[in-house]
Amino acid sequence: MRDDDAAGQARSDTLLEWYDRHARDLPWRVPPGAARSPDPYRIWLSEVMLQQTTVAAVRAYFERFTQLWPTVADLAQADDGRVMAEWAGLGYYARARNLLKCARVVAAEHQGRFPDRQEDLLKLPGIGPYTAAAIAAIAFDRPAVVMDGNVERVMARLHDIHTPLPAAKPELKAEAAALTPAARPGDYAQAVMDLGATICTPRSPACGICPWRAPCLARARGTAAVLPRKAPKKAKPVRLGIAYVGRTPGGDWLLERRPDSGLLGGMLGWPGSPWAETTPAETPPVAARWCDVGAEARHTFTHFHLRLALRVAVIDPAQVPADGPLLLVPKHRFRPSDLPTVMRKAFDLAHGAMESP
DNA sequence: AATACGGGGCA
DNA sequence: TGCCCAGTATT
């Protein structure tokens, strides 16, 4: 065991030396060696945004959110619709709903301070095993074992593990735990994830410049590019739907607030038919002369492809019930960027069709 | 254990 | 255009 400990120590030291020289400059990051300590609010916000999402996509959203809501107390008081609108385009909208829930729990039940232990962080909405470990390690420098897709890939290659995911997870986690150091665990966690994101990449890893090229078994055996192995995935079915893009004579838009649970939950969207495998029936939200737009919006979600046929009409505002999910958004307050991507695609096509009759 | 849940990047 | 990537909540 002592040999393993010593080898692990040497590896984490090697990685920390690399991180001291090559740490990425990120808006939410405190550089290694800096005097200040990280703001748990900013670490939490960035980690939730980074779930299933690339750094490139997150940057602008992070800047915007921290500018609008500099503290967790500010976010806790924010308007729900405003937060959903600012999240639009980032995807996985349950994250935004849980973000608000979590901010309100922290503000009301934790005096505006995030818990510093993984076990307590795990109880908060939207914080699972990965995010709890990441906050504990990065914000509070606790030796939590941070397991994300990057770490899984790095461990699979370092130890040349060929068991397919997700079956390999326990083994990969054990290897990651054995390497997590007692000194500078926060920097170590960020270092492994940086390594996975910049060098030990999913395709064509840059083994030649990797700080772990010496101990890496997959590098020695030439198997890095095929690891980690994954269980085969199933094909995505096609679903069909119709969306109705309506506008009043005054130029206000007819939208609906989608239910909190389910696909695009809590987001604005165009009213329409359910999305199913078969051709949908016409289900106009209000009576009007709906015109077929020649084009359809195509969009791929996690588990199906959608083809959305489009109808446009000038509608009578008096036809819109005051209760229910439908709402008229005034012309000057409507921002296409407040919509999830599929709804923005539908708008772009419908709007083009309305401009040129 | 399996499924629902977006969107962006790259070949 | 199509394939790859990747945490949390729910069932």
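First the proteins, then the strands, lettered A, B, ... as listed; each starts at 1.
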* Using the P atoms only, state how far B/dC5 lies from C/dC5, rounded to an integer number of Å. => 22 Å
* Within a radius of less than 6.0 Å around CD of A/Glu277, do more than 12 heavy atoms belonging to other residues, nucleotides or ligands occur? -> yes
* Base, sugar-phosphate, or nothing: which does A/Pro166 touch, judged by heavy atoms less than 4.0 Å apart? -> nothing
* Side-chain N or O of A/Thr341 less than 4.0 angstrom from OP1 or OP2 on B/dG7? -> yes
* Please state whether the phosphate of B/dT3, meaning OP1 or OP2, lies under 4.0 angstrom from any side-chain nitrogen or oxygen of A/Lys234. => yes
* C/dG7 base to A/Thr131 side chain: any donor-acceptor pair below 3.5 Å? -> no
* Answer with base, sugar-phosphate or nothing: what part of the nucleic acid does A/Lys230 contact at a heavy-atom distance below 4.0 Å? => sugar-phosphate
* With side chains defined as the heavy atoms from C-beta onward, is the minimum distance between A/Trp290 and A/Leu310 less than 4.5 Å? -> no
* Just do the salt bridge (Lys or Arg N to Asp or Glu O under 4.0 Å) check on A/Asp141 and A/Arg184 with the steps written out, would you? => CA-CA 7 Å; A/Asp141 210 29; A/Arg184 299 179 65 192; over 6 Å; no
* Does OP1 or OP2 of B/dG7 have a side-chain N or O of A/His299 closer than 4.0 Å? -> yes
* Structure fact -> Assign each of A/Gln51 and A/Ser204 the nucleotide of DNA chain B bearing its closest heavy atom; nearer the 5' end lies the nucleotide of A/Gln51
* To do: Kindly compute the distance separating CG (A/Leu255) from CG (A/Leu328), expressed to the nearest 0.5 Å.
  => 8.5 Å
* **Nearest listed nucleotide, side chain of A/Gln52, among B/dG8, B/dG7, C/dA6** => C/dA6
* Asked: How close or far is atom C1' of C/dT1 from atom CZ of A/Arg307, stated in whole angstroms?
  -> 13 Å
* Closest to the A/His303 side chain, choosing from B/dG6, C/dC5, B/dA4 -> B/dA4
* Pick base, sugar-phosphate or nothing for A/Ile127, based on heavy-atom distances below 4.0 Å to the nucleic acid. => sugar-phosphate
* **Touch class at under 4.0 angstrom, heavy-atom based, for A/Tyr130 against every strand present** => sugar-phosphate
* Asked: Which is true for A/Gly265 with a 4.0 Å heavy-atom rule: it touches a base, it touches only sugar-phosphate, or it touches nothing?
  -> nothing
* Would A/Phe65 and A/Tyr41 count as a ring pair (Phe, Tyr, Trp, His ring centres under 6.0 Å) if you check the C-alpha gap in whole Å, the side-chain angles of each, and the deciding distance to 0.1 Å? -> CA-CA 11 Å; A/Phe65 269 69; A/Tyr41 168 66; 9.4 Å; no
* C/dA6 to B/dA11 separation - P atoms, rounded to the nearest Å -> 15 Å
* A/Arg153 side chain N/O closer than 4.0 Å to the phosphate oxygens (OP1, OP2) of C/dA6? -> yes
* Asked: To the nearest angstrom, how far is A/Tyr92 atom OH from C/dA9 atom C1'?
  -> 12 Å
